[in-house]
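Below is one structure, written out as structure tokens, with a few remarks after it.
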Amino acid sequence: MIEMIIEQRRRNLGGGFDVGRVLPFAKRRMVGPFIFFDHMGPLDLAPGLDRSMDIRPHPHIGLATVTYLFAGEVMHRDSLGYEQAIRPQEVNWMTAGRGITHSERFERARVQGDHLHGIQAWVALPTELEEIAPSFSHHPESELPKWSDAGVNGQLIAGSAYGLTAGAKTHSPLFYAHLDMAPGATAEIPGGHKERALYIATGAVELDGVRYEDGRMLVLGPTASHVRALARSTVMVLGGEPLGERFLYWNFVSSSKDRLAQAASDWKAGRMKLPDADDAEFIPLPEEPKPPSSAT
């Protein structure tokens, strides 16, 4: 039922902002098209927060970023001109395609303090769509399908599951949902996809008689169909169809190593446009690039 357990590893994004990195993992690089999965917080941010905690402008290619918060607020600005605060149970979906830059700043926290908790995932694009035009869409809570059943409150973030379809435009078959589960509640795990996983953001759950604690992603076998909460739990379920081998370098994803090298060269040479509303600084290319790693 469980093919693999992936425990989050702590990573510092700069300025003391730590996240729990789940994907990519050395022994399991992707789940369906999901190629990156970071658990942000829970983290208390004090008023007067230093700007070094912000995520300064940086580039992406070949993927879509999916930002979803349980608590707090993050301000997004990108090179297409979008400026959009994201708040709990909303979705910022940014398709990088052939290239986009953006920043993520904690502006509300700087003024009044904040409690930040959420997930950022990256979804790789199909090979034939890796170079599409970049785009951005914001989906407020009112636009995201919800349901409630026997102690489970669910919200569909992207794709299709539970007989529902979310509003964000996706480019390959997938599902991504947020489940809030009361102690003892049982939730269905969507089927119909070759690769699936669930991530325990808070609490503890049981599958096949085994207890699993928070901070773990469970990569599921084909027979896994239900999960039971042993405590009040926040669970993310996700999956989809595999896209084939992908290479990663820094913030870039591609089916071609040469394309990654080109993206790195473009960023280093200043050939990628910064957000108009946030162009005074940026994150430089890492000084000693490692060879691109593959993901399948």
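Side chains of S256 and D258: no donor on one and acceptor on the other come within 3.5 Å. For the residue pair Q262 / D266, a side-chain donor-acceptor distance below 3.5 Å is found, with atom types taken as modelled.
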Name every donor-acceptor pair, under 3.5 Å, that has one atom in a side chain of residues 145-152 and the other anywhere in the protein, sequence neighbours excluded.
from	atom 1	to	atom 2	distance (Å)
K146	NZ	E141	OE2	2.3
S148	OG	N153	OD1	2.7

Which donor-acceptor pairs under 3.5 Å do the side chains of residues 231-244 make with protein atoms, sequence neighbours left out?
from	atom 1	to	atom 2	distance (Å)
S233	OG	A204	N	3.1
S233	OG	A204	O	3.0
S233	OG	A231	O	2.8
T234	OG1	D180	OD1	3.2
T234	OG1	T202	OG1	3.0
E241	OE2	H193	ND1	3.1
E241	OE2	K194	N	3.2

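Among residue pairs with one or both ends in residues 54-66, those qualifying as side-chain hydrogen bond (donor to acceptor under 3.5 Å, both in side chains) are D54-R105, D54-R110, H58-H60, H58-H102, H60-H102; sequence neighbours excluded. Note on residues 199-222: pairs passing ring pair (Phe, Tyr, Trp, His ring centres under 6.0 Å), not counting sequence neighbours, are F37-Y199, H39-Y199.
Taking R9 as the reference, I6, R11, R21, F25 meet the side-chain contact (heavy atoms from CB on, under 4.5 Å) condition, with sequence neighbours excluded. Every residue meeting the side-chain hydrogen bond (donor to acceptor under 3.5 Å, both in side chains) condition with T127, not counting sequence neighbours, appears here in chain and number order: R246. Under the side-chain contact (heavy atoms from CB on, under 4.5 Å) criterion, S160 pairs with T165, sequence neighbours left out. Under the side-chain hydrogen bond (donor to acceptor under 3.5 Å, both in side chains) criterion, H226 pairs with no residue, sequence neighbours left out. Scored by the side-chain hydrogen bond (donor to acceptor under 3.5 Å, both in side chains) test, W250 finds no partners at all (sequence neighbours excluded). Judged as a salt bridge (charged side-chain N to carboxylate O under 4.0 Å, His left out), and not counting sequence neighbours, the contacts of E213 are R211. With sequence neighbours excluded, no residue forms a side-chain hydrogen bond (donor to acceptor under 3.5 Å, both in side chains) with Y176. With sequence neighbours left out, R108 forms a side-chain contact (heavy atoms from CB on, under 4.5 Å) with E73, Q112, D114.
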CA sep, side-chain torsions, deciding dist, call: T67, V74, side chain to side chain contact (heavy atoms under 4.5 Å, CB included): CA-CA 9 Å; T67 306; V74 177; 5.7 Å; no
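Y68 is listed as a side-chain neighbour of Q155, based on a closest heavy-atom distance under 4.5 Å.
A donor-acceptor pair under 3.5 Å links the side-chain atoms of E130 to the main chain of S255, judged by distance alone. Between the side chain of K273 and the backbone N or O of S79, at least one donor-acceptor pair lies under 3.5 Å.
More than 12 heavy atoms of other residues, nucleotides or ligands sit less than 6.0 Å from atom OH of Y162.
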